[in-house]
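What's counted below: heavy atoms across the whole structure, side chains too, no hydrogens, waters or symmetry copies. Labels below follow one simple rule: chain letters A, B, ... track the order of the sequence lines, proteins then strands, and each chain is numbered from 1.
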Amino acid sequence: MLKKKIIFLLGPTGIGKSAVAIKLAKKINAEIISCDSMQVYRRMDILTSQVTRRQKRQIKHHLVGAINPGQEYNVARYRRTAIVICDKLFAAGKIPLFVGGSGLYYSVIVDGLFAAVPQDKIIRAQLEKQLKLKGNTYLYRRLAKVDRAAAAKIHPHDCRRIIRALEVYLKTGKCISKLQKERVGLGSHYQVKVFGLTSPRQSLYTAIDRRVEKMFTAGVINEVKRLLKTKLSLTAKYAIGIPEVKGYLEGKYDLSECKRLMQRNSRHYAKRQLTWFRKDTRIKWIKVRENEKAVQIAERIIKNFRKSLIS
RNA sequence: GCCGAGAUAGCUCAGUGGUAGAGCGCGGCCCUGAAAAGGCCGGCGUGGGGGGUCCGAUUCCCUCUCUCGGCA
């Protein structure tokens with residue numbers, strides 16, 4: 001029996017994935033599963049450029065605006081729910097079309113996640129405390145003693161990863177560096193097709209700047225004001241735009257500086273996304289042309305990859 | 001036209017008689033339970049043009065061009 005097919009449409013922020021995805025989904029009988037760590041959150045429509053209600057009516061979107069911004073969300077949760085949705089779609093005879101720009105979320109679906117070692121609040125809190133009191137070098141040395149391989153891979157300044165590695169070790173007595181080798185993803189069970197949208201850096205940046213500009217006329221400031229009144233999850237509160245607007249609201253700088261920061265940080269983010277995707281040889285790149293419409297791009301994808309999409 | 005200040009990295013500017021730095025921007029990279037997060041690396045640039053002094057000038061002198069401010 002033929003392996004079931006899942007399709008990914010990846011690319012940097014602001015390149016126009018969402019619109020292309022809708023056109024593509026219509027043509028190949030697919031439903032869209034978001035592959036975006038921030039679009040899962042509700043009440044962040046403007047901030048994360050979520051698809052509109054109208055667009056959602058055209059094609060079913062999963063994991064967009066699905067949970068409250070106060071709830072913690074992470075790769076593991078994403079993987080679990082996304083796989084369930086995937087199976088439902090298969091049962092309904094539909095193709096899952098993953099769309100987004102979160103490289104790790106993509107990788108966690110296709111390449112897998114290592115054996116379940118969830119976060120541990122108590123251990124975390126202890127490690128965070130040690131970090132504050134004794135500094136990163138102390139934690140790094142501690143890690144080097146128990147898991148040399150992990151320490152060799154992690155930079156001494158990268159506290160986030162040092163803490164996670166230690167957390168895994170303290171909880172299980174096993175090295176994260178060993179566990180990481182045991183990941184199994186969907187890539188082996190399913191037929192995975194990956195497409196990536198690209199465009200020249202300069203036009204991407206112009207598009208990003210423009211998108212941020214539009215956020216302001218659409219009312220990001222108010223959206224963020226509303227969000228800041230509630231408790232935000234660790235992930236959600238670092239969505240590009242929230243810290244920047246917060247600084248503005250606190251009077252640290254004016255509106256134009258706030259906008260400038262959001263544009264710059266979005267550009268930096270796009271750059272990091274490109275770095276992540278670049279090395280992935282599974283991705284078939286689609287060069288988006290200047291002023292090319294979403295339908296045209298979708299049609300081009302179908303025309304050039306008919307076999308892998310339909311068969 | 002005269003007087004003054006300046007012309008150094010994409011931008012803003014610092015500094016030095018022995019061929020230059022910073023911030024921002026930008027580029028490259030890492031990434032397995034916060035990932036729109038977090039971390040690492042990257043600066044040879046006709047020192048505005050020409051001439052002079054000097055062993056040696058980006059640094060001193062002259063001159064030209066341009067920019068800014070003031071006076072007419």
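- Mapping L274(A) and R164(A) onto RNA chain B by nearest heavy atom places L274(A) at the nucleotide closer to the 5' end.
- Note on V168(A): nothing from the nucleic acid sits closer than 4.0 angstrom, heavy atoms only.
- Residue K271(A) is in base contact, counting any heavy-atom pair closer than 4.0 Å across all strands shown.
- In this structure, CD1 of I240(A) is placed 11 Å from C1' of rA35(B), rounded to the nearest angstrom.
- With both pairing distances under 3.5 Å, rC54(B) is matched to nothing as a Watson-Crick or G-U wobble pair.
- In this structure, the nucleotide among rG33(B), rG25(B), rC31(B) sitting nearest to the side chain of P118(A) is rG33(B).
- Regarding R267(A), its CZ atom lies at a distance of 13 Å from the C1' atom of rG27(B), rounded to whole Å.
- Going from the C1' atom of rU65(B) to that of rC54(B) covers 27 Å, rounded to whole Å.
- Among the protein residues, R278(A) comes within range of the sugar-phosphate backbone only, with heavy atoms under 4.0 Å from sugar or phosphate atoms but none that close to a base.
- A close approach under 4.0 Å does not occur between any side-chain nitrogen or oxygen of H155(A) and OP1 or OP2 of rC31(B).
- In this structure, the OH atom of Y140(A) is 12 Å from the C1' atom of rC40(B), given to the nearest Å.
- The aromatic rings of Y105(A) and Y78(A) sit parallel to each other, their planes meeting at less than 30°, with 60° as the upper class boundary.
- The shortest non-hydrogen separation linking Q296(A) to N291(A) is OE1-O, 4.4 Å.
- In this entry rA7(B) has rU65(B) as its Watson-Crick or G-U wobble partner, both defining distances falling under 3.5 Å.
- Ionic pairing of R124(A) and E167(A) is present here: one or more N-O contacts between side-chain nitrogen and carboxylate oxygen are shorter than 4.0 angstrom.
- Look at the P atom in both rG45(B) and rC71(B): the space between them is 43 Å, to the nearest Å.
- As a whole-Å value, the separation of R272(A) CZ from rG28(B) P is 13 Å.
- Rounded to the nearest Å, the gap between the P atom of rU12(B) and that of rU8(B) is 8 Å.
- If you measure from atom CD of E128(A) to atom C1' of rG38(B), you get 12 Å, rounded to the nearest angstrom.
- Of all nucleotides listed (rC31(B), rG25(B), rA35(B)), rC31(B) comes nearest to the side chain of K153(A).
- Nucleic acid contact for V75(A): sugar-phosphate only, since backbone atoms but no base atoms lie under 4.0 Å from a heavy atom of the residue.
- OP1 or OP2 of rA35(B) lies within a sub-4.0 Å distance of a side-chain N or O belonging to Y105(A).
- Contact annotation for S233(A): no contact, since no heavy-atom pair falls under 4.0 Å across all strands.
- Separating the CZ atom of R201(A) from the P atom of rG27(B) is a distance of 5 Å, rounded to the nearest angstrom.
- Heavy atoms of Y78(A) sit nowhere under 4.0 angstrom from any nucleic acid atom.
- No side-chain heavy atom of V40(A) sits under 4.5 Å from any side-chain heavy atom of V64(A).
- Rounded to whole Å, the P atom of rG1(B) lies 31 Å from the corresponding atom of rU58(B).
- Taking atom C1' on both rA14(B) and rG43(B), the two are 15 Å apart, rounded to the nearest angstrom.
- Residue contacts for L179(A): at a heavy-atom cut-off of 4.0 Å it reaches no nucleic acid atom on any strand shown.
- Within 4.0 Å of Y205(A), counting heavy atoms only, lie sugar-phosphate atoms of the nucleic acid but no base atom.
- Remark: aromatic rings of Y106(A) and F98(A) are distant, center separation not under 6.0 Å.
- The interatomic distance linking I162(A) (CD1) with rC40(B) (P) rounds to 10 Å, in whole Å.
- Side-chain N/O atoms of K279(A) include one lying less than 4.0 angstrom from OP1 or OP2 on rC31(B).
- Taking atom P on both nucleotides, rA72(B) is separated from rG10(B) by 40 Å, rounded to a whole Å.
- With a cut-off of 3.5 Å on both pairing distances, the Watson-Crick or G-U wobble partner of rC40(B) is rG28(B).
- Between the C1' atoms of rC44(B) and rG21(B), the separation comes to 14 Å (whole Å).
- Heavy atoms of D111(A) sit nowhere under 4.0 angstrom from any nucleic acid atom.
- With a cut-off of 3.5 Å on both pairing distances, rG17(B) has no Watson-Crick or G-U wobble partner at all.
- Side-chain N/O atoms of R161(A) and base N/O atoms of rA35(B) include a donor-acceptor pair closer than 3.5 Å.
- The R264(A) side chain lies nearest to rC26(B) when the options are rG27(B), rA35(B), rC26(B).
- Looking at heavy-atom distances under 4.0 Å, T275(A) makes contact with a base.
- Pair assignment for rC71(B) gives rG1(B), based on Watson-Crick or G-U wobble hydrogen-bonding distances that are each under 3.5 Å.
- rU12(B) is paired with rA22(B) under the criterion used here, namely a Watson-Crick or G-U wobble arrangement in which both key atom distances are under 3.5 Å.
- For the pairing with D209(A), the side-chain hydrogen bond (donor to acceptor under 3.5 Å, both in side chains) check across R267(A), R264(A), K259(A) returns one residue only, R267(A).
- Taking 4.5 Å as the limit, every side-chain heavy atom of K193(A) sits out of range of all side-chain heavy atoms of I6(A).
- Under 4.0 Å is where a charged nitrogen must lie from a carboxylate oxygen, and between D158(A) and K153(A) no such pair does.
- Distances from the side chain of Q180(A) to the nucleotides rC29(B), rC31(B), rU32(B) place rU32(B) closest.
- rC2(B) and rU59(B) have their P atoms separated by 25 Å, with the value rounded to a whole Å.
- Here Y253(A) contributes atom OH and L261(A) contributes atom CG; the two are 5.0 Å apart, rounded to the nearest 0.5 Å.
- The CG-C1' distance, from D280(A) to rC30(B), rounds to 15 Å in whole Å.
- In terms of position on RNA chain B, the residue among H157(A) and R124(A) whose nearest nucleotide sits closer to the 5' end is R124(A).
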